[in-house]
Amino acid sequence: MISIEKYRFSHFEALVQYQLPPEQALYAPDPSQWFNGHTLMLESSMTAVSILKNRQAVGFFILDRGVDKLEFTHNPQSILLRSFSVNPHYQGQGIAKTVMQPGLLEPFISQQLSPSCNEIVLAVNPANQHAYQLYLKCGFCEVGKMVMSRRGTLCSALRRPITGSQLD
C-alpha cells in the first residue's frame, strides 16, 4: 500500500541511503541533500514528506508554502511541490503516479498543511520526459512560462487545481 506522511526521523536511514542514477540526478536532488548530518534543513514554509510503501520510506518530496510559488502563479493559496524522488529500487511500480493522484496528495495537503490551498504548482525540466509525462498524466497542465530551478536550469511551470476548490 502506498501512503504519504510528514517526514519522521524513523524514515531517515531509508531516505538518505538511496541515490538517484546520474540521468535523474540532473533534475532532482537526492533526499540526502536536504540534510546536514541528521538534521533536515528546511525553511519554515517547507514540509518534508515521505512516500511509504507498506510503511517503509521509499521516496521523498517537499511541499513549500513560501514565496517561491509566486514564480509559477499569482495565487497566494497555491503550494509548490519540489524535489520529488522515488528510490530507484522501487521505480517502475507506479508509486509516483499513485502519489500524484488527487485522491492521495490533495487530502494530505488540505488535512495536514493548508485547508485553504487550492492549487499545486511545480517545475519540471522538459528534457526529463519521464517526469514531464507523468505530471501531465496526473492532471497537471502547462502554466505557459519557464522558471529557473534551484539548479540553474530552465523548467516548465505546471499547475493543477485542487479538486473541489474554486480553481477546479
Side-chain angles (χ1 to χ4, degrees), residues 1-66 68-69 78-125 128-140 150-151 158-165 168:
M1 181 173 130
I2 306 302
S3 60
I4 57 177
E5 65 181 43
K6 288 182 182 178
Y7 165 80
R8 297 181 191 184
F9 184 73
S10 61
H11 305 153
F12 176 81
E13 291 299 328
L15 294 174
V16 299
Q17 77 178 4
Y18 78 80
Q19 291 187 333
L20 296 172
E23 65 275 9
Q24 293 177 17
L26 290 171
Y27 308 116
D30 296 324
S32 63
Q33 294 179 28
W34 286 97
F35 290 88
N36 182 4
H38 285 79
T39 304
L40 191 55
M41 304 302 290
L42 297 179
E43 297 169 19
S44 62
S45 63
M46 296 177 176
T47 300
V49 181
S50 297
I51 301 168
L52 308 177
K53 180 176 182 181
N54 300 323
R55 298 187 349 207
Q56 161 134 6
V58 298
F60 182 82
F61 61 96
I62 303 291
L63 290 170
D64 186 352
R65 297 174 305 283
D68 287 354
K69 66 187 177 190
S78 65
I79 195 163
L80 173 60
L81 187 147
R82 54 167 88 227
S83 299
F84 188 94
S85 69
V86 173
N87 182 325
H89 296 293
Y90 293 91
Q91 291 179 10
Q93 298 178 27
I95 294 170
K97 186 175 181 182
T98 299
V99 171
M100 287 294 121
Q101 295 300 317
L104 186 56
L105 184 57
E106 293 173 5
F108 177 83
I109 291 169
S110 64
Q111 294 167 13
Q112 300 286 323
L113 301 176
S114 177
S116 62
C117 182
N118 59 15
E119 179 181 45
I120 304 165
V121 295
L122 59 87
V124 62
N125 189 313
N128 187 357
Q129 274 296 298
H130 186 74
Y132 183 79
Q133 292 303 318
L134 169 77
Y135 294 132
L136 293 179
K137 286 178 188 173
C138 292
F140 286 85
R150 286 187 168 192
R151 294 173 163 247
L158 303 180
R159 68 175 288 275
R160 182 176 79 199
I162 290 187
T163 306
S165 73
D168 186 26

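Each residue takes its place number in the sequence, starting with 1.
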With sequence neighbours excluded, what pairs up with S114 under the side-chain hydrogen bond (donor to acceptor under 3.5 Å, both in side chains) test?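 By the side-chain hydrogen bond (donor to acceptor under 3.5 Å, both in side chains) rule, S114 matches S116.
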
Rounded to the nearest 0.5 Å, what separates atom [atom1] in [X] from atom [atom2] in [Y]?
| X | Y | atom1 | atom2 | answer |
| --- | --- | --- | --- | --- |
| I162 | E119 | CD1 | CD | 8.5 Å |
| S3 | R55 | OG | CZ | 9.0 Å |
| N54 | I2 | CG | CD1 | 7.0 Å |

Heavy atoms, side chains only, cut-off 4.5 Å: are [X] and [Y] in contact?
| X | Y | result |
| --- | --- | --- |
| L122 | R159 | no |
| M41 | F35 | no |
| V49 | I62 | no |
| V124 | L158 | yes |
| C138 | K97 | yes |
| Q112 | K6 | yes |

Heavy-atom donor-acceptor pair, [X] side chain to [Y] backbone, under 3.5 Å:
| X | Y | answer |
| --- | --- | --- |
| Q56 | L52 | no |
| D30 | Q19 | no |
| N87 | G59 | no |
| Q91 | V86 | yes |
| K69 | L80 | no |

Closest non-hydrogen atom pair between [X] and [Y], with its separation:
| X | Y | answer |
| --- | --- | --- |
| I79 | C117 | CG2-SG, 3.5 Å |
| Y135 | M100 | CE2-SD, 3.8 Å |
| S78 | N118 | N-OD1, 4.3 Å |
| A96 | L134 | CB-CD2, 3.7 Å |
| F140 | L136 | O-CD2, 3.4 Å |
| D64 | G66 | OD1-N, 2.7 Å |

R65 vs T47, test: side chain to side chain donor-acceptor pair (under 3.5 Å). Steps then yes/no. CA-CA 8 Å; R65 297 174 305 283; T47 300; 2.9 Å; yes

Test side-chain contact (heavy atoms from CB on, under 4.5 Å) applied to L81 and V121, step by step: CA-CA 6 Å; L81 187 147; V121 295; over 6 Å; no

Apply side chain to side chain donor-acceptor pair (under 3.5 Å) to H130 and Q24, showing your working. CA-CA 10 Å; H130 186 74; Q24 293 177 17; over 6 Å; no

Hey, is R160 close enough to E106 for a salt bridge, meaning N to O under 4.0 Å?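 Yes, charged N to carboxylate O under 4.0 Å.
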
Which residue in the set T98, L63, I109, I51 passes side chain to side chain contact (heavy atoms under 4.5 Å, CB included) when paired with I4?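 Passing option: I51.
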
Over 60° means perpendicular and under 30° means parallel, so tell me whether F60 and Y7 are parallel, tilted or perpendicular.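 Perpendicular: the ring planes of F60 and Y7 meet at over 60°.
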
Would you call the rings of F9 and F12 parallel, tilted or perpendicular, taking 30° and 60° as the class edges?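 Rings of F9 and F12: parallel, as their planes differ by under 30°.
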
Please tell me whether Y18 and S85 have a donor and an acceptor in their side chains that are separated by less than 3.5 angstrom.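 Indeed, the side chains of Y18 and S85 share at least one donor-acceptor pair under 3.5 Å.
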
